Amino acid sequence: MTLPGLAPRAEYGGIVGVWAAGAVIAIVIGVVAPGEWRAAWMPVGMAACLILAFVVQLVQGHSQGFVRRVALSTLGAFVIMGLIGLGLGLSSMFA
């Protein structure tokens with residue numbers, strides 16, 4: 001008699017969580033940082049998202065697809081923060 005394998009954990013929750021954290025970090029940078037320092041703080045926020053992606057995926061404890069999940073988390077956060085940064089740049093240009 002064989003035992004059935006455990007069901008795989010949902011892996012998209014951590015990925016989307018990092019994306020949401022990237023959006024929140026970019027909005028906080030846009031609100032708190034002065035206009036001339038926003039571009040300098042965005043890479044710091046992206047580094048925080050990268051560290052958060054590693055931590056979230058390590059806490060999940062599932063080794064298969066680790067690099068793919070970290071890459072998706074980081075790339076998604078990069079795109080979201082880039083779009084928010086673009087919006088902040090355009091709004092400061094026209095304000």
Side-chain angles (χ1 to χ4, degrees):
M1 180 177 252
T2 61
L3 295 172
L6 295 174
R9 298 178 186 170
E11 59 187 45
Y12 296 111
I15 294 171
V16 174
V18 174
W19 294 355
V24 169
I25 289 171
I27 291 170
V28 167
I29 289 172
V31 170
V32 174
E36 61 272 3
W37 283 97
R38 285 183 189 151
W41 276 103
M42 282 294 185
V44 175
M46 189 61 217
C49 288
L50 176 64
I51 293 170
L52 180 65
F54 273 113
V55 169
V56 166
Q57 297 307 323
L58 284 173
V59 167
Q60 283 185 350
H62 189 67
S63 63
Q64 294 174 340
F66 174 78
V67 174
R68 182 181 56 86
R69 290 190 312 269
V70 170
L72 275 172
S73 299
T74 307
L75 181 64
F78 179 75
V79 169
I80 289 171
M81 289 183 74
L83 291 174
I84 292 173
L86 179 68
L88 289 170
L90 288 174
S91 69
S92 68
M93 193 168 73
F94 293 115

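What you see is a predicted model, and the numbers here were worked out from it, not measured in a lab.
- Closest approach of G45 to M81, counting heavy atoms only: C-CE, 3.8 Å.
- A 4.5 Å side-chain heavy-atom check between M46 and T74 finds at least one atom pair inside the cut-off.
- For the atom pair L75 CG and R68 CZ, the distance stands at 13.0 Å (nearest 0.5 Å).
- Heavy atoms from other residues, nucleotides or ligands lying under 6.0 Å from CZ of F66 number more than 12.
- Among all heavy-atom pairs drawn from A23 and I80, the shortest one is CB-CG2, 3.7 Å.
- Hydrophobic cluster membership differs between I25 and L50, with clusters built from Ile, Leu, Val, Met, Phe, Trp and Tyr side chains linked at under 4.5 angstrom.
- Applying the side-chain hydrogen bond (donor to acceptor under 3.5 Å, both in side chains) rule to R69 yields the partners Q57; only residues at least two apart in sequence or on another chain are considered.
- Closest non-hydrogen pair, R38 versus S92, comes out as NH1-CB, 4.1 Å.
- Under a 3.5 Å cut-off, the side chain of W19 and the backbone N or O of V79 do not form any donor-acceptor pair.
- Shown here for A39 and P43, the closest heavy-atom pair between the two residues is O-CD, 3.2 Å.
- In this structure, C49 and V18 approach most closely via the heavy-atom pair O-CG1, 3.8 Å.
- A continuous path of Ile, Leu, Val, Met, Phe, Trp and Tyr side chains, each step under 4.5 Å between heavy atoms, connects F78 with Y12, placing both in one hydrophobic cluster.
- In the hydrophobic cluster analysis, where Ile, Leu, Val, Met, Phe, Trp and Tyr join through side-chain heavy atoms closer than 4.5 angstrom, L72 is grouped apart from V70.
- Under the 4.5 Å side-chain heavy-atom criterion for ILVMFWY residues, no single connected hydrophobic cluster contains both M42 and L90.
- No chain of hydrophobic side-chain contacts below 4.5 Å, direct or via other Ile, Leu, Val, Met, Phe, Trp or Tyr residues, connects L52 to V28.
- Exactly one residue among V56, V16, I15 makes a side-chain contact (heavy atoms from CB on, under 4.5 Å) with S73. That residue is I15.
- Take P34 and apply the side chain to side chain contact (heavy atoms under 4.5 Å, CB included) test, not counting sequence neighbours, and it matches E36, W37.
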